[in-house]
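Working notes, beginning with the structure itself.
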Amino acid sequence: MNLFADFENRIKNALEVLDIIKEKRSEVDFGRVAVEPPRDQSHGDVATNAAMVLAKPLGTNPRALADIIAVALRGDPDISEVSVAGPGFINIRLSTGYWQRLLESMIEQGTSYGRSTVGASKKANVEYVSANPTGPMHVGHCRGAVVGDALANLMAFAGYDVTKEYYINDAGSQIDVLARSVFLRYREALGETIGEIPSGLYPGDYLVPVGQALAEEYGPRLHNMSEEDWLPIVKDKAIDAMMTMIREDLDALNVHHDIFFSERALHAGGAQRIRAAINDLTFKGHVYRGTLPPPKGQLPEDWEDREQTLFRSTEVGDDIDRPLIKSDGSYTYFAADVAYFKDKFDRGYDEMIYVLGADHGGYVKRLEALARAVSGGKAKLTVLLCQLVKLFRNGEPVKMSKRSGNFVTLREVVDEVGRDAVRFMMLYRKSSEPLDFDFAKVTEQSKDNPVFYVQYAHARCASVFRQAQKAFPDLDIESLDLAAHANLICEENELRLIAKLAEYPRIVEAAAVAQEPHRLAFYLYDLASSFHGHWSKGSENADLRFVNDKNRQLSVARLGLVHAVASVLKSGLAITGTAAPEEMR
RNA sequence: GGUCCCAUAGCUCAGCAGGAUAGAGCGCAGGAUUCCUAAUCCUGAGGCCGAUGGUUCGAAUCCAUCUGGGAUCACCA
């Protein structure tokens with residue numbers, strides 16, 4: 001049962017039978033009628049703008065209409081009070097009985113509570129990470145990895161049929177560079193002195209074992225081949241090794257993809273699939289031979305005007321047409337992307353989401369253009385740009401430079417602060433906002449640290465159950481019907497905690513539809529705060545404690561409430577990919 | 001120069017498809033522990049929502065212009 005959906009129905013049903021509406025039913029649209037929690041709790045539990053939205057088409061004023069609607073709503077036994085306030089808000093207060101039944105329903109649903117069907121089983125593809133397989137993942141990949149993963153989890157929970165996908169950029173010149181770098185390590189493994197790694201090759205030590213493995217497998221045989229012959233062999237080995245490493249890194253971060261899609265597969269067999277995709281675009285009239293105007297602003301020194309095969313993306317919303325086939329006849333990266341998108345589209349996804357770093361912002365328009373052209377405007381493609389993460393250690397920014405190899409890897413961060421801290425902090429900010437990540441703060445065990453604060457609330461819930469077991473040793477908590485005495489829950493603070501839990505389904509839906517997983521993280525913090533606050537009420541007034549050894553039924557009823565809180569925390573934390581611990585250390 | 005993101009309390013940020021007196025944490029000032037983890041809680045001070053116009057019953061939120069910060073610009077991947 002979703003409180004706000006429930007009352008939206010009730011309010012709309014009440015509206016339908018009002019005379020003033022029946023007379024002009026065809027002229028009014030309930031689409032803008034919102035049913036939501038009021039900004040200020042003192043106003044009530046549920047508020048609606050129905051009167052303000054509908055007054056104009058009905059030719060009346062909001063206050064007068066609100067009074068009429070209020071009268072109709074007062075007939076609902078679950079509503080204890082209806083008032084009209086401000087410019088025409090209708091504020092509704094719910095009966096204690098309604099809250100109790102809501103709690104029962106939450107307890108019965110457990111961690112399924114909050115699941116939604118807004119996704120309507122639509123097929124959604126979330127592509128994220130897609131780091132080049134040329135080395136270990138660095139910290140810059142973290143945010144996209146976590147945001148993409150959490151968004152995918154969230155959308156699945158909200159009723160989408162979600163595929164998590166990783167596009168492996170295993171074609172192109174950077175892979176040749178990788179293979180040559182590995183080949184050098186191979187020669188090294190055979191005993192050659194290679195000296196300093198030449199610039200232009202990847203210097204990282206992580207390539208040493210790959211060279212050794214090649215030396216073991218092939219001995220000196222590769223060394224005697226021409227580059228043309230050894231390159232594909234070394235490439236295969238290198239990509240394999242890099243992807244294994246990347247998968248391990250992702251695993252450390254609790255990120256798991258369903259599909260790893262290889263760019264090379266698109267180039268295979270004489271670039272069959274890329275050609276097919278370009279043919280498809282050509283057939284639809286989006287391709288021509290021509291030249292591009294020089295880039296605006298600073299003109300590159302080596303700029304030359306040459307004829308290429310171009311995608312007329314300006315006709316579908318882009319700023320400039322995009323090359324598909326270079327002047328030397330080879331395919332651009334973007335050409336592979338056309339083929340890749342077409343593949344996704346042909347696989348039948350209703351929504352395709354690309355989670356990219358802010359440094360790829362310039363790529364968005366051409367992706368959107370390509371989606372329009374390939375799908376004839378039918379595909380829904382959205383790009384989620386994650387702004388950059390700045391690392392801090394003791395308040396000082398951590399300097400990184402790729403050239404010196406002095407960059408922080410994803411693994412280092414996860415090993416140092418733990419995956420939960422990394423994940424939650426990456427979500428505890430709108431992704432369109434830059435993020436400061438301070439090593440000291442995220443490991444701190446205090447309320448400054450939202451990860452800790454939320455996990456602690458869950459651990460506290462578990463602690464209450466342990467205490468209950470102590471107070472009632474014969475209580476069989478495992479098989480206890482925690483919903484049985486929900487009707488004993490009637491303290492003001494308890495009802496407010498239920499009200500906070502009642503927001504959960506709404507948050508899930510809104511966050512999933514808006515594709516903003518940070519909203520969930522903020523909600524969890526908010527819920528934890530409500531729980532900690534309620535807990536402390538027990539310090540002031542022993543009657544409010546969850547466990548009361550003189551009143552078994554009341555204790556069981558309150559265990560039900562605690563269980564509901566724990567379930568929502570657990571369910572929400574699971575979506576963020578963060579653990580819900582039973583105790584803190 | 002073009003495009004994208006951002007601007008809300010001293011600091012770091014929320015603000016839910018425009019709505020009632022703009023919220024939280026930190027920091028600051030005060031308070032709560034014979035009692036389920038004080039690893040927490042409670043109270044208070046603190047804001048011309050970057051600027052100017054526009055849309056309307058109503059704007060931090062939508063539109064335009066401007067200012068200031070960040071990212072980006074390719075036959076690269």
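Letters A, B, ... mirror the listed sequences (proteins, then strands); counts begin at 1.
Secondary-structure annotation of RNA chain B gives the stems B:1-7 with B:67-73, B:10-13 with B:23-26, B:28-32 with B:40-44, B:50-54 with B:62-66, with a stem taken as at least 3 successive Watson-Crick or G-U pairs whose two distances both fall under 3.5 Å.
The nearest whole Å value for the distance from the CZ atom in A:R322 to the C1' atom in B:rU3 is 10 Å. The interatomic distance linking A:F522 (CZ) with B:rA24 (P) rounds to 14 Å, in whole Å. Distance CH2 (A:W535) to P (B:rC36): 8 Å, rounded to an integer number of Å. Here B:rU37 presents its P atom at 7 Å from NZ of A:K470, a figure rounded to the nearest Å. Distance, A:Y340 OH to B:rA77 P: 19 Å, rounded to whole Å. Spacing between atom NE2 of A:H534 and atom P of B:rC42 amounts to 13 Å, rounded to whole angstrom units. Atom CZ of A:F452 is separated from atom P of B:rA38 by 11 Å (rounded to the nearest Å). What separates CG of A:D40 from P of B:rA22 is a distance of 11 Å, to the nearest Å.
Considering only side-chain atoms of A:L385, the nucleotide from B:rC4, B:rC57, B:rU40 that sits closest is B:rC4. Listed candidates were B:rU3, B:rU37, B:rA77. Nearest to the side chain of A:K365 is B:rU3. Considering only side-chain atoms of A:Q387, the nucleotide from B:rC5, B:rA39, B:rA38 that sits closest is B:rC5. For A:R39, counting side-chain heavy atoms from C-beta on, the closest listed nucleotide (B:rC13, B:rC42, B:rG15) is B:rG15.
Within 4.0 Å (heavy atoms only), A:E583 reaches at least one base atom of the nucleic acid. Within 4.0 Å (heavy atoms only), A:S539 reaches at least one base atom of the nucleic acid. Note on A:A171: only backbone sugar-phosphate atoms sit closer than 4.0 angstrom, heavy atoms only; bases stay farther off. Across all strands shown, A:R429 has heavy atoms under 4.0 Å from sugar-phosphate atoms exclusively, and none from any base. Residue contacts for A:Y363: at a heavy-atom cut-off of 4.0 Å it reaches a base atom on one of the strands shown. Contact annotation for A:P38: base contact, defined as any heavy-atom pair under 4.0 Å involving a base atom. Among the atoms of the strands shown, none is found under 4.0 Å from any heavy atom of A:R63. Here A:A85 lies in heavy-atom contact (under 4.0 Å) with a base. Within the 4.0 angstrom heavy-atom criterion, base atoms lie near A:G538.
At a cut-off of 3.5 angstrom, the base of B:rC16 holds no donor-acceptor pair with the side chain of A:R519. Side-chain N/O atoms of A:S432 and base N/O atoms of B:rC6 include no donor-acceptor pair closer than 3.5 Å. In this model, a side-chain donor or acceptor of A:R506 finds a partner on the base of B:rC16 within 3.5 Å. For a distance-only test at 3.5 Å, the side chain of A:N91 qualifies as a donor-acceptor partner of the base of B:rA20.
Separating the P atom of B:rU61 from that of B:rU55 is a span of 15 Å, rounded to the nearest Å. Comparing B:rC63 with B:rA7, their P atoms sit 14 Å apart, to the nearest whole Å. A distance of about 42 Å separates the C1' atoms of B:rG31 and B:rG68, rounded to the whole Å. B:rU8 sits 13 Å from B:rC48 when the P atoms are compared, rounded to a whole Å.
Under the 30°/60° scheme for interplanar angles, the aromatic rings of A:F546 and A:F531 are found to lie parallel. In this pair, A:F311 and A:F334 present their aromatic rings parallel. The plane angle is below 30°, not in the 30 to 60° band.
Remark: the A:R289 side chain and the A:T309 side chain contain an N/O donor-acceptor pair separated by less than 3.5 Å. Between the side chains of A:Q308 and A:S327, no donor-acceptor pair of N or O atoms lies under 3.5 Å. Between the side chains of A:T382 and A:Q515, at least one donor N or O lies within less than 3.5 Å of an accepting N or O. Of the N and O atoms on the side chains of A:T578 and A:D420, not one donor lies less than 3.5 Å from an acceptor on the other residue.
Toward the 5′ end of RNA chain B lies the nearest nucleotide of A:Y456, the other residue of the pair A:Y456 and A:A528 mapping further downstream. Mapping A:P37 and A:S327 onto RNA chain B by nearest heavy atom places A:P37 at the nucleotide closer to the 5' end.
Checked by atom type and distance alone, the side chain of A:D40 pairs as donor or acceptor with a backbone atom of A:S42 at under 3.5 Å.
Classification of A:D474 and A:R552 as a salt-bridged pair holds, one side-chain N sitting under 4.0 Å from a carboxylate O. Under a 4.0 Å N-O distance rule, the pair A:K365/A:E368 does not qualify as a salt bridge.
The side-chain contact (heavy atoms from CB on, under 4.5 Å) test with A:R460 is passed by exactly one of A:M584, A:Q455, A:H532: A:H532.
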